[in-house]
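All chains are named by letter (A, B, ...) in the order of the sequence lines, taking the proteins before the strands, and each is independently numbered beginning at 1. All values below were derived from every heavy atom in this structure, side-chain atoms included, with hydrogens, water molecules and symmetry-related copies excluded.
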Protein chains: 2
Amino acid sequence: MNKQKVEAGPVQNGELALKRVAIDTYRENVAYLHRDCHVYRAEGFQALSKIQIRHGEHRILAVLNVVDDDAIVDPGELGLSEQAFTQFGAEAGARVSAAHAEPPRSMEAVRRKMNGEILDEQDFAAIARDINEHLYSKTELAAFLVASGQTGLDRDEILYLTRAMFETGERLNWDEPLVADKHCIGGIPGNRTSMLVVPIIAAHGMLIPKTSSRAITSPSGTADTMEVLANVELSPEALYHLGHQHRGCLAWGGTAHLAPVDDILISVERPLGLDSQGLMVASILSKKLAAGSTHLLIDIPVGPTAKVRHMRQALALRKLFEFVGDHLGIHLEVVITDGRQPVGRGIGPVLEARDVLQVLENDPDAPADLRQKSLHLAGRILEFDPDVRGGFGYAIARDILESGRALEKLQAIIAAQGKRESRLEPGPLSFEVKAREDGIVTAIDNYRLGRIARLAGAPMGKGAGVDLLAKVGDRVRAGDPLYRVHAEFKADFEFARQLCDRDSGYQLGDTPPPARIEPFN
Amino acid sequence: MNKQKVEAGPVQNGELALKRVAIDTYRENVAYLHRDCHVYRAEGFQALSKIQIRHGEHRILAVLNVVDDDAIVDPGELGLSEQAFTQFGAEAGARVSAAHAEPPRSMEAVRRKMNGEILDEQDFAAIARDINEHLYSKTELAAFLVASGQTGLDRDEILYLTRAMFETGERLNWDEPLVADKHCIGGIPGNRTSMLVVPIIAAHGMLIPKTSSRAITSPSGTADTMEVLANVELSPEALYHLGHQHRGCLAWGGTAHLAPVDDILISVERPLGLDSQGLMVASILSKKLAAGSTHLLIDIPVGPTAKVRHMRQALALRKLFEFVGDHLGIHLEVVITDGRQPVGRGIGPVLEARDVLQVLENDPDAPADLRQKSLHLAGRILEFDPDVRGGFGYAIARDILESGRALEKLQAIIAAQGKRESRLEPGPLSFEVKAREDGIVTAIDNYRLGRIARLAGAPMGKGAGVDLLAKVGDRVRAGDPLYRVHAEFKADFEFARQLCDRDSGYQLGDTPPPARIEPFN
C-alpha cells in the first residue's frame, strides 16, 4: 500500500473525473478504475462486485473492472461503459465519488424465494422497482430467475410479477374501447403471421397497433422482418399517429419503454436457456398491457420441437394466461396451433418478407400454411368485434385478403412508417441440403432449422437464412433439395454448413404423418 | 450491413489479431471486438453472451463486449481481458478466430437440477470439469449455485460434488500417515487461532502444513494476517520443504491450485450472499483433501450473529461434515465453539498479528479468549497423535505455549517463509466509539464489526481495522471507549465512521449474559 497516496491532491475531496469508455457491455453497467487510482483501492472494491457512483443527484450501480492502461482511464478518472454513462446522465469530466454498494434491498425477498417461500405483492413490486433502477447485477438477476423458475411461481405470484413489471414502465393509452393485439409464444421459425393479420384487421377498421420484439435467440422477429420493408423504430407519438390514421402498425416495441424490466430479465433468461411458463406469461402479458391492448389473441404452437411439446402442457399454459389476463382486465383468448414444422418457406428477414408479400399478392405459389394460419388467427381477432357474428371471422378475413385490401393496407402502413428501398435479395452465398434417400418428409426440427438460419447470419444479415423447398408430407427423391441456406459472410456460411453436415434437421420415412396434431396427447 | 466487408482482406481467412486489453475483469473472461470488426458482426454475437476463441490448440470462452474506440481494439483485432489473455496462452498478434459458443454440455444437468431432480456422480463430475475449464459464465455459475442451494443438495450429492471439486485440481502428497489440519467455518472476526495452533502442533512434531484463504467478504483471512509477518505466497515445492523441515507452515492456498473449482464458485457465491450448508461442506472438504490432509479439526462457532445461529443447526452441520469426511477417507472431528462475539481484540491484519504475538509471548495482557480457544483446538488436534492419551492434549498444548517453544516455532516458520520487515503499526487515522450510557456489554455483533473493519480498509489496508476495548461481560460507563477504528485512507475513514454512527454493533444491558452457550437451543 502506497501511503503517499493519502497526501496526494485528489484524495482531499475524494473525487474522480468521469469518463465515457467506448465499450458496450450489453446490459451490465461496468465502471473502470485504474489500478493506481488516486482515491480508491480498486482491487479492494472489486471482490465486492458492485459500487455506487455519485455526482449530485445522479447515482448508478456498476460492477468494477480494474484497468492497467492510462489510455482507457488514468488514475484520476472513473470510467463508465457506454450504456452506464448514458444512464448516469452526468457530463464527461464531472467530479464523481464512489462507495461500496449494498445489495439491493429486495434481494432479501429473492433470498426468501431461494428458500422456497411464496412472495407477496409488495415483494414483487420491490423487486421490479430495484431491477428497473438497474440495482441488480447479472448474477443477482440469474438468482431471481432461477429461484422463480425452479420452485415454479404459483398463479398468484405470476399475477403479482406481471403487474409489477407492467407498472414499472410507461403505458400507451389509445382512448378506444377495443385495442386488438396478437402474440405467439415463439419457437416456430418463419411464423410471420402478424405481418398478414395486422393489415387484415386494420383494413376491417379495428385498431391493432402491433409492437414486436427483435430476435434474441431466434433467426428473425417480426420487427426484424418488417424492417426489410419499412422503418420500425417509431416514437410513441408516431405510434399514436399511425394507429389513429391507419388503424394499425408493425413497429419495434423497444423505443416505447414498455415493461422495461421484461427486457432486463430476458437478457439473462435467454442465454441461460431458462423457460419457465410463469416467467413467459409475466413477460408477454406485462408487455401487452403496457402497449395498451384490451383484446389479445395468444397463439400456442404445439409440436415435438416446439416450445410446448404436449397438448396437456398447452392446456395448462392456456389456463395460466386466462387466469392472469382476467385478473388484469384484458380480454384474452388462446388458440393452440400446429407447431410440428416451420411456417411458410423462408426463415430469415428477407425470405420471410418475400413469403408475406406472396400471400398478400394472392400469388398461387404463396405458402399455403402461412396463408391459412394467418386467416385463422385474423378471423378469431375479427370476432372480438361485437358486430361480427361468431364463426364469420374467417370468411371476412379471407375476403379482405383476396380483395387486395390487405395488401393496400400494408403498403399504406409501410409508407407511413417510412418505406425502405431495400431489394428483397437473399444472401449471395448459398448452398443446398439434399435428401440422401427417397421418402416422405415426416418431421422438420424447428430448433435445428432456426439455429442453421441464425448461424447463417440471420437476423443481423437481412438476406441470410433458410429457404425450405420441401415441407412435412412432401415426397422427395434422393438428391432432391430439401432446403437452401443463404449467407452474406464467408464465416457465417461456413458455420451454417458445418451445422447442416452434422444434422440436416429433416426426417424422412415411408408413411405420411397424421394430418393434424392430436387434441389430447 | 456493409456488404463491402465481404470482399475486404481479413475476411478471406476469417482471422483477427490477438491483443491483450489491460482490463482486469475479475474472474470473468471478456473478449473485446470493435463494432466495425472486419470479420464478425460484433453485435450479432453479443446477445448470445458467449463466444469461443481459437488459435491452433488454444481455446477459450469469453463474454463479448463491443468496442467503439480504436485505442482499445481496432477493427482487425480481438482483445482479451488480462486473465483471459493469460489463460488463453497465445502471444499478442497471434491470428485468432471466433465462433458462437455452445453452452457447456453439463448445463443440461444444471437444468435438471433446476427442475428439482437429484443428480448422480457423473453429473457432478461433468459440471466440475466444465467449470474448471472456464466454460461457465457467471450467470451459469449463479444458476448452478442457486439451484443447488435451493432444493438443498442431499447428502450423497454433496459427497459427489466434494469429490468432483477435489479431483479437478492438484493434490499435495506428503508421504506421511498423519497430516493434521484445522478449519473454522468463518464468520467470527479476529478469530486467528491458526497462527497459534500451527506453531504449537508443529513444535510437538506433528505435521500441519496449513494453507489458508485470503479474506473475500471478511476483514482478514489467516493468509492476510500472516502476510503482515511473512511471505505467504509459496510454491508447492516450498510448501513441501517447509512441512518436512519445520513440520508446519502458514501459507496462502491460492498458488497451489487446490480445488480450483471452489475458487470459481466462491467468486459468485459470496457477492450473492449464498450460504448453503451443502456448498460450504463441499468447499471446505475439497480444499482440505486437495491439501493432502488426513486428520482435520473443524471449528463451528455458534451465536446469534455467527454463521450458525442455533445449536441444532450446528449439530446438523456436524453430521454432514462427518458423513462426507468419512466417505472420502479423512479423519474428521468437529468442535462447536462460542461464537457470540469476535475473538481477541484486533480485527484486521496488523491488529490481529499483534494479538497473536502477545499470546505467544505469554504477555499477561494478551487476549485471554484467543489464548484459551487456541489451546482448546490445539489440544484436540494433539490427540490425533496415537501416543497422546485422551484428555491430555490441552495440557501439552499449554506447556508448549508457556515454555516459549510455540513462539520459537512461529519465528522459525516466519524466517523460512521469508520474514517481512513491516512494523506492526495500526492505520494512522483513527477514532473511538464510546458507550452512550453505563452498563454491561451483553452482545457484540460479529457481522457489524466485521463490516466496520472492512469499510475502514481491511484487509487491503494492513493497518486498518477495529481494536476492541470492551468485550461481552465487561462493565462500562457512559463515555468509556468501546472500540477504536483505524484507517489508512481518508475515504475509508469516512465510510467506517458513517457506519458506526448508524449502529455501533454493541449492546449494553443491566445483567451479564450467561457464561457459555446453551448446548441445545
Side-chain angles (χ1 to χ4, degrees), chain A residues 1 3 5-6 11 14 22-26 32 35 39-41 43-44 46-50 64-69 71-72 82 99-100 103 107 111 114-116 137-143 146-147 149-151 216-217 268 270-273 455 457 460-462 488-491 494-495, chain B residues 1 3 5-6 11-12 14 22-26 32 35 39-41 43-44 46-50 64-69 71-72 82 99-100 103 107 111 114-116 137-143 146-147 149-151 216-217 268 270-273 455 457 460-462 488-491 495:
Chain A
M1 203 46 49
K3 287 208 183 164
K5 275 187 212 169
V6 183
V11 179
I23 298 180
D24 169 354
T25 52
Y26 194 61
Y32 301 89
R35 197 177 297 279
V39 183
Y40 306 99
R41 274 189 310 278
E43 288 171 60
Q46 193 167 26
L48 290 175
S49 132
K50 259 191 306 186
L64 184 60
N65 284 356
V66 176
V67 171
D68 291 294
D69 178 352
I72 300 171
E82 287 175 356
H100 299 251
M107 269 300 288
R111 268 186 217 105
M114 288 195 249
N115 290 329
S137 66
K138 281 200 168 182
T139 54
E140 284 163 343
L141 291 167
V146 173
Q150 187 174 16
T151 54
I216 296 182
T217 54
V268 172
R270 294 288 170 89
L272 276 180
L455 281 199
M460 297 290 293
K462 292 288 185 198
E488 295 180 344
F489 287 83
K490 190 106 188 357
E494 293 302 335
F495 288 149
Chain B
M1 201 48 48
K3 287 210 183 163
K5 273 187 211 168
V6 182
V11 177
Q12 300 310 318
I23 298 181
D24 169 354
T25 52
Y26 195 61
Y32 301 90
R35 197 176 297 278
V39 183
Y40 304 101
R41 276 187 310 277
E43 287 171 60
Q46 193 168 26
L48 290 175
S49 131
K50 258 190 309 187
L64 184 61
N65 284 355
V66 176
V67 172
D68 291 293
D69 178 353
I72 300 169
E82 288 175 355
H100 300 252
M107 269 301 287
R111 265 184 221 107
M114 289 195 248
N115 290 329
S137 67
K138 280 201 170 183
T139 54
E140 285 163 344
L141 291 169
V146 172
Q150 187 174 16
T151 54
I216 297 181
T217 54
V268 171
R270 295 288 168 90
L272 277 179
L455 281 198
M460 298 288 294
K462 292 288 186 195
E488 295 179 344
F489 287 85
K490 190 103 186 0
F495 289 149

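B:I72 CD1 to A:I72 CD1: the interatomic distance, rounded to the nearest 0.5 Å, is 5.0 Å.
Counting only heavy atoms from C-beta outward, the side chains of A:V39 and B:K490 never approach each other to under 4.5 Å.
When heavy atoms are compared at a cutoff of 4.5 Å, A:E494 does not approach chain B at all. Heavy atoms closer than 4.5 Å to chain A are found in both the backbone and the side chain of B:I23. For A:V268, the part sitting under 4.5 Å from any heavy atom of chain B is the side chain, from C-beta outward, and nothing else.
Contact between B:T139 and A:A142 at its shortest, heavy atoms only, is O-CB, 3.9 Å. A pairwise comparison of heavy atoms in A:L272 and B:R111 identifies O-NH2, 3.3 Å as the closest pair.
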